[in-house]
Amino acid sequence: MCGIVCAFDLKQQSEVIRPQALEMSKKIRHRGPDWSGIYSDNKAILAHERLAIVDPASGKQPLFSEDKKLILAANGEIYNHRELRKQFEGDASSNSKPNYNFQTESDCEVILALYQKKGVGFLDELNGIFGFAIYDVEKDEYFVARDHMGIIPLYIRWDPHGTFYVASELKALEGVCSK
């Protein structure tokens, strides 16, 4: 079990929201005591508390696509990640390159590959329990989703300024979000 806290459509300077997001993330640190990571720019912040189960050595989050244009903060487990990765392998007989260069062995990185290849239409391919947020730096767009049954919780709220937040636990949003 990991935890995420993300802020999108920032209505205040990221220098104001980033420390606040870190405090919010601390409220769910019990979900992921092995690693804390954060991505922030002037339009989005993604914080992650990690419980290292799959790929403990290199699966730190947020995860980045190779070109650093997509950022992922995810909670859960993708059971069929090995099967899904196969569609991105190059053809050894023709020396073709893979159409996605995986940076880790994390089960969640396949979410980035699928999103990059198919857009939001890949969700039905995922077999697992998950809640995640992807931020596209180039397009300044975000995509937030959870598993079909809602096994992994994902809460959304807005602060009084209109900044949009996503978190794994409601208590991370308390005291900051009013809507």
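Just so you know, these numbers use all the heavy atoms, side chains as well, and skip hydrogens, waters and symmetry mates. All figures in this text were calculated on a predicted structure; none of them were measured in a lab. Just so you know, residue 1 is the first one in the sequence shown, and it goes up from there.
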As an exercise, state the distance from [atom1] of [X] to [atom2] of [Y], rounded to the nearest 0.5 Å.
X: Asp9; Y: Lys43; atom1: CG; atom2: NZ; answer: 10.0 Å
X: Arg146; Y: Ile156; atom1: CZ; atom2: CD1; answer: 9.5 Å
X: Ile4; Y: Leu154; atom1: CD1; atom2: CG; answer: 5.0 Å
X: Asn80; Y: Lys86; atom1: CG; atom2: NZ; answer: 11.0 Å
X: Asp159; Y: Gln20; atom1: CG; atom2: CD; answer: 6.5 Å
X: Leu114; Y: Leu126; atom1: CG; atom2: CG; answer: 6.0 Å

Next on the checklist: So, using ring pair (Phe, Tyr, Trp, His ring centres under 6.0 Å) as the criterion, who are the partners of Phe164 when residues are at least two apart?
Outcome noted: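 Residues passing ring pair (Phe, Tyr, Trp, His ring centres under 6.0 Å) with Phe164: Tyr142, Trp158.
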Nearest non-hydrogen partners of [X] and [Y], listed with the distance:
X: Met24; Y: Val5; value: CB-CG1, 4.0 Å
X: Pro62; Y: Gly37; value: CD-C, 3.6 Å
X: Leu84; Y: Val110; value: CB-CG2, 3.6 Å
X: Glu174; Y: Lys27; value: O-NZ, 3.2 Å
X: His148; Y: Leu123; value: CE1-O, 3.5 Å
X: Ala133; Y: Cys6; value: CB-SG, 3.8 Å

With side chains defined as the heavy atoms from C-beta onward, is the minimum distance between [X] and [Y] less than 4.5 Å?
X: Ser25; Y: Ile38; value: no
X: Glu109; Y: Arg85; value: yes
X: Gln116; Y: Asp67; value: yes
X: Tyr115; Y: Val120; value: yes
X: Glu49; Y: Ser36; value: yes

Checklist entry - Would Phe8 and Leu46 count as a side chain to side chain contact (heavy atoms under 4.5 Å, CB included) if you check the C-alpha gap in whole Å, the side-chain angles of each, and the deciding distance to 0.1 Å? => result CA-CA 9 Å; Phe8 301 105; Leu46 291 82; 4.1 Å; yes
Any donor-acceptor pair under 3.5 Å from [X] side chain to [Y] backbone:
X: Asp107; Y: Ile78; value: yes
X: Asn75; Y: Cys2; value: yes
X: His48; Y: Ala74; value: yes
X: Gln12; Y: Leu10; value: no

Under 4.5 Å between side-chain heavy atoms, hopping through other hydrophobics if needed: is there a path connecting [X] to [Y]?
X: Phe130; Y: Leu70; result: yes
X: Ile151; Y: Phe132; result: no
X: Leu170; Y: Tyr165; result: yes
X: Tyr100; Y: Val137; result: no
X: Leu22; Y: Val176; result: yes

Next on the checklist: For the residue pair Lys117 and Phe88, would you count it as a cation-pi contact if the rule is NZ or CZ under 6.0 angstrom from the ring centre and within 45 degrees of the ring axis?
Outcome noted: yes
Checklist entry - Could you go step by step and tell me if Lys118 and Glu125 meet the salt bridge (charged side-chain N to carboxylate O under 4.0 Å, His left out) rule? => result CA-CA 11 Å; Lys118 301 178 180 185; Glu125 295 181 47; 2.5 Å; yes
Checklist entry - Does the salt bridge (charged side-chain N to carboxylate O under 4.0 Å, His left out) test come out yes or no for Lys26 and Glu23, once each step is laid out? => result CA-CA 5 Å; Lys26 281 182 188 178; Glu23 288 301 314; 3.1 Å; yes
Checklist entry - So Leu112 and Phe64, side chain to side chain contact (heavy atoms under 4.5 Å, CB included) or not? Walk me through it. => result CA-CA 8 Å; Leu112 283 174; Phe64 295 83; 5.7 Å; no
Item to check | Verdict with reasoning, Ile129 to Met149, per side chain to side chain contact (heavy atoms under 4.5 Å, CB included) | outcome: CA-CA 8 Å; Ile129 56 174; Met149 298 298 291; over 6 Å; no
Next on the checklist: Can you confirm whether Lys68 is buried at NZ, in the sense that more than 12 heavy atoms of other residues, nucleotides or ligands lie under 6.0 Å from that atom?
Outcome noted: yes
Checklist entry - What orientation do Tyr135 and Tyr39 show, parallel under 30°, tilted 30 to 60°, or perpendicular over 60°? => result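 Because their plane-to-plane angle lies in the 30° to 60° range, the rings of Tyr135 and Tyr39 count as tilted.
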